[in-house]
Amino acid sequence: MAQLEFNDAHIDDLVWQAIAHSPCSKDFESYLALFMKPRHDAEACQQIERLLHAQADEQATPSFPQAIDALSQLAVSGDSNAQFYLGKCHSFGYGVPADYDQAFKQYTLAGLQGDLRAWCNIAGAYYSGIGLEHSYEKAMEYYQKAYAIAHDSLVVRSISRMHINGYGVEKDVAKGIAIMMQEIELGDYDVLALLGNMQMSGDGIPKNEQEGLRNIRLAAEGGDDYAQYLLAYSYEYGRGLEEDCSLAVHWYKKSAEQHFAAAQECLGTLYLRGEGVAKNGAEGMRLLKIAACNGSASAAYKIGLTFLNGIDAIPNAAEASRWFQFAADRGNMSAVLELANLYEAGNGVVEDQAKANQLFLKAAKDGDRWAQFSVGYRYWVGKHIEKDLHQAFKWFSIAALQGSSRAQVAMGDFYAGGLVCTKDEARSLAWFRRAADLNDYLGMERLGYAYLVGRGTEIDYPEAAAWFAKSADLGSATASYYIGEMLRRGLGMASNPGRASEWMLSAAEQDHAAAQYTLARMYADGNGLAVNREEAIKWMTKSAEQGDEDAKEWLEEQGLAQQQA
């Protein structure tokens with residue numbers, strides 16, 4: 001049996017009537033989350049976007065409590081649909097503080113009247129341990145209550161998976177599959193899609209990509225929105241078949257037309273990129289906004305990026321900040337990090353370094369390695385926060401162990417200098433190598449320098465030159481400078497001032513002060529270059545403007561100190 005349809009129109013309209021003119025976007029988000037297929041979804045999305053721009057909703061009085069009052073009156077009269085939705089509101093905190101005792105009471109009343117959704121939600125609470133004590137056994141008990149009412153696809157999927165994984169019952173893969181097959185033979189495409197996905201991933205059952213893909217395709221062709229999404233995803237990413245974005249768009253469209261939020265988001269992204277379909281920023285944004293209003297934090301984040309970077313939209317940092325805030329409020333840590341950057345720069349929002357610190361720290365504590373590096377860096381240099389090398393070392397350590405190459409470079413610097421840790425050049429070298437192996441140009445640059453001067457290892461000019469070359473190819477001005485120095489001094493290779501000047505010029509043009517000074521001296525002394533006093537003064541002045549003391553001294557000796565800016 002496919003997923004049952006319930007006659008919830010009167011409940012939907014009752015809630016909508018209570019919130020239709022609400023000044024709070026949260027009311028409309030709760031409405032969209034409350035119903036599987038909300039009747040007023042388009043209007044709700046419009047209201048959310050309107051209030052997002054109004055930015056006046058934080059102090060406004062919500063209207064959802066009025067919907068709770070209306071639901072409560074109807075529930076008291078014995079309406080099982082009202083009891084189920086009232087229980088759901090208490091369970092998830094829609095319009096009232098979350099209270100699972102109240103939710104359990106209402107779910108029980110609805111379940112006793114034959115609403116299997118109520119038993120499923122109690123089962124889900126036991127399964128997850130959210131609202132009720134975690135118990136697979138109790139979860140199975142309540143799923144069985146729902147199964148006794150009807151073999152709804154949601155119930156079938158849950159019970160079969162619990163048998164396959166041995167949750168609350170003795171593990172019995174064959175029984176779990178048999179339960180699914182019974183419904184599949186009756187035409188339940190949703191369960192067929194689940195089986196196909198499990199086969200493709202090897203989730204609890206033997207992996208069989210081709211059989212899984214065949215089942216997903218059958219379900220998709222039968223009109224199942226979930227299967228259509230899975231098939232589209234497989235075409236987009238080459239999961240079990242050849243990548244084909246045009247076919248991905250075809251199946252995403254079919255799923256999105258049935259209001260499958262994940263498909264709407266993926267399709268919107270492809271429209272923005274112009275992959276598999278003609279590029280259409282307006283359509284892409286429309287679909288992403290629908291997905292965002294239906295609770296997708298990642299969709300809201302993508303909208304923010306679109307406005308921030310001006311991709312098929314006029315660059316608008318203020319608009320980006322609103323969508324990033326929307327996504328951040330729903331737990332998207334990438335959005336939290338983008339907000340931190342905006343508050344730090346005062347881009348689209350009023351500059352607020354305290355807020356930026358707070359957001360960086362929030363993302364860092366959530367495990368984002370770039371945020372962890374950023375917090376460490378701020379403590380290291382005292383950037384809008386009291387300098388604290390111990391805190392810097394702590395956050396660099398955490399980020400480095402999670403694979404942040406830039407944090408690994410910082411760890412190498414700390415050990416090389418003995419900053420709040422015992423000086424250890426060998427450990428320093430090991431961290432630089434880890435960063436270099438991740439293709440970090442600073443790691444390569446530091447590794448090259450270690451081989452150049454024998455820090456933590458023997459001097460090895462060929463190895464130093466090799467790492468400097470790799471770093472320079474990735475844009476390191478410092479690496480270009482050191483290659484120039486090695487060529488100029490004949491370290492590991494024949495001295496070649498002419499070639500050295502080319503590398504010095506490359507670094508100097510990237511505002512490397514030492515390279516500018518050296519290039520100026522080469523022009524002044526005719527070392528590898530024809531004597532050119534004008535060029536010497538130009539580059540020496542640039543170096544002095546960056547604070548190079550040798551450059552300042554040379555200009556003074558030449559009676560040219562006044563030319564410095």
Side-chain angles (χ1 to χ4, degrees), residues 1-3 36 120 124 127-128 136 139 143 147 151-169 171-270 273 275-277 287 291 296 298-299:
M1 177 184 293
Q3 194 162 354
M36 287 287 290
C120 282
Y127 187 95
S128 65
Y136 286 139
Y143 278 131
Y147 191 67
H151 295 186
D152 176 81
S153 61
L154 173 62
V155 183
V156 171
R157 287 190 302 175
S158 301
I159 289 178
S160 60
R161 289 185 74 107
M162 292 184 76
H163 278 292
I164 288 170
N165 292 303
Y167 294 159
V169 292
K171 184 172 182 177
D172 191 334
V173 175
K175 185 173 183 178
I177 294 176
I179 291 171
M180 286 193 283
M181 291 305 300
Q182 179 181 328
E183 302 308 316
I184 289 169
E185 289 173 2
L186 294 173
D188 192 327
Y189 288 122
D190 197 38
V191 175
L192 180 61
L194 171 67
L195 177 61
N197 197 36
M198 292 173 70
Q199 289 171 321
M200 288 196 73
S201 61
D203 182 10
I205 62 177
K207 187 172 182 177
N208 188 333
E209 279 196 348
Q210 291 308 308
E211 185 64 16
L213 189 61
R214 187 185 73 84
N215 286 328
I216 288 172
R217 187 181 296 278
L218 284 172
E221 290 171 349
D224 185 78
D225 55 357
Y226 174 55
Q228 290 164 347
Y229 164 75
L230 290 175
L231 186 56
Y233 184 90
S234 296
Y235 273 119
E236 182 178 1
Y237 294 102
R239 182 176 179 238
L241 40 71
E242 188 176 348
E243 287 185 24
D244 189 326
C245 279
S246 62
L247 283 173
V249 167
H250 170 78
W251 288 107
Y252 277 141
K253 280 183 177 180
K254 287 185 175 294
S255 183
E257 286 167 0
Q258 298 191 67
H259 306 285
F260 198 83
Q264 293 169 332
E265 179 177 346
C266 291
L267 182 59
T269 303
L270 290 177
R273 294 175 180 168
E275 295 179 4
V277 66
L287 288 162
S296 172
S298 60

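Numbering starts at 1 and runs along the sequence shown. Note: hydrogens, waters and symmetry copies are ignored here, and every other heavy atom, side chains too, is used. In this text, all values refer to a predicted model and were calculated from it rather than measured experimentally.
For the pair Arg239/Ser201, a side-chain contact is recorded, criterion being any heavy-atom separation below 4.5 Å from C-beta on. Using a 4.5 Å heavy-atom cutoff, the side chains of Tyr252 and Glu236 are in contact. Looking at heavy atoms from C-beta onward, Ile205 lies in side-chain contact with Leu195 at the 4.5 angstrom threshold. Glu183 places none of its side-chain heavy atoms less than 4.5 Å from the side chain of Asp190. Side-chain contact check for Tyr143 versus Cys120: some heavy-atom pair is nearer than 4.5 Å. Between Leu231 and Gln228 the shortest side-chain heavy-atom distance does not fall below 4.5 Å. Counting heavy atoms from C-beta on, the side chains of Val169 and Lys175 never come closer than 4.5 Å. For the pair Asp188 and His151, the minimum side-chain heavy-atom distance is 4.5 Å or more.
Pairing each heavy atom of Gly176 with each of Ile164, the nearest pair is CA-CG1, 3.9 Å. Listed here is the closest heavy atom pair of Ala256 and Leu267: CB-CD2, 4.2 Å. The nearest pair of heavy atoms linking Ser296 to Ala299 is OG-N, 3.1 Å. Taking each heavy atom of Ala193 and Tyr226 in turn, the nearest pair found is CB-CD2, 3.7 Å. The two residues Gly276 and Val249 make their nearest non-hydrogen contact at O-CG2, 3.7 Å. The two residues Trp251 and Ala232 come nearest to each other via the heavy atoms CB-CB, 3.6 Å.
Between His163 atom NE2 and Ile177 atom CD1 the span is 12.5 Å, to the nearest 0.5 Å. Distance check: Arg157 CZ to Asp152 CG gives 8.5 Å after rounding to the nearest 0.5 Å. Rounding to the nearest 0.5 Å gives a distance of 11.5 Å between CG of Leu218 and CG of Asp224. Between atom OH of residue Tyr147 and atom OG of residue Ser158 there is a gap of 12.0 Å, rounded to the nearest 0.5 Å. Atom CE in Met162 sits 6.0 Å away from atom OH in Tyr127 (nearest 0.5 Å). Atom NZ of Lys171 sits about 6.5 Å away from atom CG of Asn165, to the nearest 0.5 Å.
Applying the salt bridge (charged side-chain N to carboxylate O under 4.0 Å, His left out) definition to pairs two or more places apart or across chains, those involving residues 209-221 are Glu211-Arg214. Applying the salt bridge (charged side-chain N to carboxylate O under 4.0 Å, His left out) test to every pair with at least one member in residues 258-269, sequence neighbours left out, gives these pairs: Glu265-Lys302.
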Could you give me the CA-CA distance, side-chain angles and deciding distance for Gln264 and His259, then say whether side-chain contact (heavy atoms from CB on, under 4.5 Å) is met? CA-CA 7 Å; Gln264 293 169 332; His259 306 285; 4.2 Å; yes

Set out, in order, the CA-CA distance, both residues' side-chain angles and the distance that settles side-chain contact (heavy atoms from CB on, under 4.5 Å) for Ile179 and Gln182, then state yes or no. CA-CA 5 Å; Ile179 291 171; Gln182 179 181 328; 5.8 Å; no

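Of the residues Leu247, Asp244, Leu241, the one that meets the side chain to side chain contact (heavy atoms under 4.5 Å, CB included) test with Ser234 is Leu241.
Using cut-offs of 30° and 60° for the angle between ring planes, the Tyr167 and Tyr136 rings count as parallel.
For Tyr233 and Tyr237, the gap between ring centers is short of 6.0 Å.
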